[in-house]
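In what follows, chains are A, B, ... by sequence order, proteins preceding strands, each numbered from 1. FYI, side chains are in, hydrogens and waters are out, and symmetry mates aren't considered; it's all heavy atoms of this structure.
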Amino acid sequence: MNRRAARERIAALGHPLHPNRFPATHLVSDVVGRWGGSDSAALEAEPEEARRVALPGRILAIRKMGKAVFLDLSDGLKRVQAYVRKDGVGDGGWALLENLDLGDHVGVTGTVFRTRTGELSVKAGSLVFLAKCLRPLPDKWHGLTDIEIKYRQRYVDLIVSEETRRTFEVRARVVSYVRRFFDARGFLEVETPMMQLIAGGAAARPFITHHNALDVDLYLRIAPELYLKRLVTGGFPKVYEINRNFRNEGISTQHNPEFTMLEFYTAYADARDQMALTEELLAGAAREILGTTQLPWGEETISFEAPFRRLSMKDAVVEYGRDVPGGPIRPDELGSLPGLKVAAGRAGVKYLARFGADPGKLLAELFETLAEPHLLQPTFVVDYPAEISPLAKARPDDPKTADRFELFVGRMELANGFSELNDPDEQAEKFRAQVAQRAKGDDEAMLYDEDYVEALSYGMPPTAGEGVGIDRLAMLFTNSRSIRDVILFPLMRPKGTGR
RNA sequence: GGGCCGUUAGCUCAGUUGGUUAGAGCAUCUGCCUUUUAAGCAGGGGGUCCCGGGUUCGAGUCCCGGACGGCUCACCA
């Protein structure tokens, strides 16, 4: 109520409570950028006229010193202090000052100088009111520690946390870099349907919605993959899309129901070419955005220096399965179903029964249990089982192994790519196998997409495709441990709803 | 959905084996202070101890149930 009372007093002093504009000559960042490097002597050497600014900002600190006051002004990005003296702004300005609170917006007109302690400051000649903050800001010293408010009321987080601000600026630069990277290499950015009759291109549960006029159920896409490959078939040899995917799965530090995916397709290329392109993309992004390929990750460091390590899924299981109780995992065990079952038993793979009949799923499960938690440095895991890769082409030398890779960084799956299956008959066969699995209760198995098979029958050139999780990439580039830290408005349980 | 942890002033947190009137710093209010910067000094106000039951002479503290949040496991990128 104090703040509302202060607002009333400001109005009584004759100040408009919601002025339409302030004739700013600079923002705080401009002042810091222009004079941040000038010491006191350099500033004094400039004529006063050249140091005059009309500077708006939000008040983030008030230090009263009797008949002088220091205000920390922020433009969200930088801070600079205003030095307001009673004899500088007069009785009117002083009366206004006495009714200002933390969070209010004001405009200061004055001269840039440095105080005797060397702090860059603006000596106020006048002070105008711009907007009132009626709610108290979080604790000035501890900041916003309530992680729920941080996510639910991101605007409050952004007001007080320069780190949060920086995180989202880095994220924006990542996306911008990705676009420039692909544009420069002749890729066409496209947008494909978010609402699909068949949610294809990945194994996940979709969200469902309904179109009234057509009276059809539609799915929010779980991936753009099948549409992008239709475009390659249609004659765009290089396409990419950066957009949201929606998966009706759990929420965790690495999962948000809607997340941003980069997918790109290169005709006439294979999985190896995509890996090389990916290394170039990530190392280049790190260098340009962060100025280094050595990224801090908690107490550790991740090196985005190319080339990244290549490791087959089986080799990974053997390498990280050495200390399994009951004896190390042996390469010969991974070649047969009985051997895999024995190995999985020793490794303590969960839900053994569910994957027991499928050697591909069993190997993937072994990999996830034993190897994935160790893959801190960027590692391309290659040679995925064909059974778990229904949209991928097999290796030319081995029909049981998909020409597929996944990139792991920071113990997370960051990217997934492969040489695309372009044989319509084989694709039809794989869809049928997926449908059969679905009938057996696997509700993440894919649906048969008849139109996609027809598209392939028109002839898709040899093509490699890949998806990269942009949110996770943003996590890596900002040293964020939770995906919620890199999504401005992550999905939260609505307030007041029970479980 | 399971497990673990948390919820005390506007904010960040203390609060002993269950025992007077629940505390501190910041914020807020009053006074002093014209180069401070977590400004300083003096004083004041401010509490549904998350909610509902229970045990007890007595509950912020113990027990049961619930709400909300975090972490984690499973599904998944």
State, to 0.1 Å, how close A/G201 and A/E225 come at their nearest heavy-atom pair, and which atoms those are.
O-OE1, 3.3 Å
Rounded distance in Å - OH (A/Y83) to P (B/A39):
16 Å
Kindly indicate whether the side chain of A/I487, heavy atoms from C-beta on, has any atom under 4.5 Å from the side chain of A/R171.
yes
Heavy-atom side-chain contact between A/E413 and A/Q254 under 4.5 Å:
no
For A/D30, is there an ion pair with A/K78 - N to carboxylate O distance below 4.0 angstrom?
no
Using the P atom as the reference point in each nucleotide, state the distance between B/C51 and B/A67 in Å, no decimals.
15 Å
Taking B/C75, B/A77, B/U35 as options, the one with an atom nearest any side-chain atom of A/E413 is B/A77
Nearest to the side chain of A/K67 - B/C75, B/U34, B/U36?
B/U34
Spacing of A/E258 atom CD relative to B/A77 atom P, expressed in whole Å:
17 Å
Roughly how far apart, to the nearest Å, are B/U20 and B/G58 at atom P?
15 Å
Selection: residues 108-125 of chain A, any non-hydrogen atom under 4.0 Å of RNA chain B:
A/F113, A/T115, A/R116, A/T117, A/E119, A/K123
What's the gap between B/C29 and B/G10 when it is taken at their P atoms, as a whole Å value?
15 Å
Contact under 4.0 Å: A/T253 side-chain N or O vs B/U72 OP1/OP2
yes
When rounded to whole Å, the CD to C1' distance for the pair A/E44 and B/U35 reads 13 Å
Is A/D157 paired with A/R165 through a side-chain N to carboxylate O contact shorter than 4.0 Å?
no
In whole angstroms, how far is the P atom of B/A77 from the CZ atom of A/F246?
16 Å
Figure out the CG/C1' separation between A/L137 and B/U28, and round it to whole Å.
14 Å
Once you round it to whole Å, what is the distance between P of B/C71 and CZ of A/R484?
7 Å
Say we look at B/A42 and B/U16: how far apart would their C1' atoms be, to the nearest angstrom?
33 Å
Looking at A/F264 versus A/Y240, is the centre-to-centre ring distance below 6.0 Å?
no
Closest-nucleotide ordering on RNA chain B, the 5'-leading residue of A/I62 and A/M65:
A/M65
Under 5.5 Å centre to centre and under 30° between planes: does that hold for A/F259 and the six-membered base ring of B/A77?
yes
Which whole-number value in Å describes the distance from A/L97 CG to B/U36 C1'?
14 Å
Residue among A/R3, A/K132, A/R7 satisfying side-chain hydrogen bond (donor to acceptor under 3.5 Å, both in side chains) with A/D101
A/K132
Does either side chain, that of A/E263 or that of A/Y265, offer a donor lying less than 3.5 Å from an acceptor on the other one?
yes
Pairing donors with acceptors under 3.5 angstrom, does anything connect the side chains of A/T401 and A/D383?
no
Closest to the 5' end of RNA chain B, once A/S482 and A/R205 are matched to their nearest nucleotides, is A/S482
Determine, for A/D485 against A/K150, whether the closest basic-nitrogen to carboxylate-oxygen distance falls under 4.0 angstrom.
no
Secondary structure of RNA chain B per the Watson-Crick/G-U criterion (both distances under 3.5 Å; [ ] crossing, | other strand, . unpaired) is (((((((..((((.....[...)))).(((((.......))))).....(((((..]....))))))))))))....
Rounded to the nearest Å, what distance is computed from the CD1 atom of residue A/I487 to the C1' atom of nucleotide B/A77?
11 Å
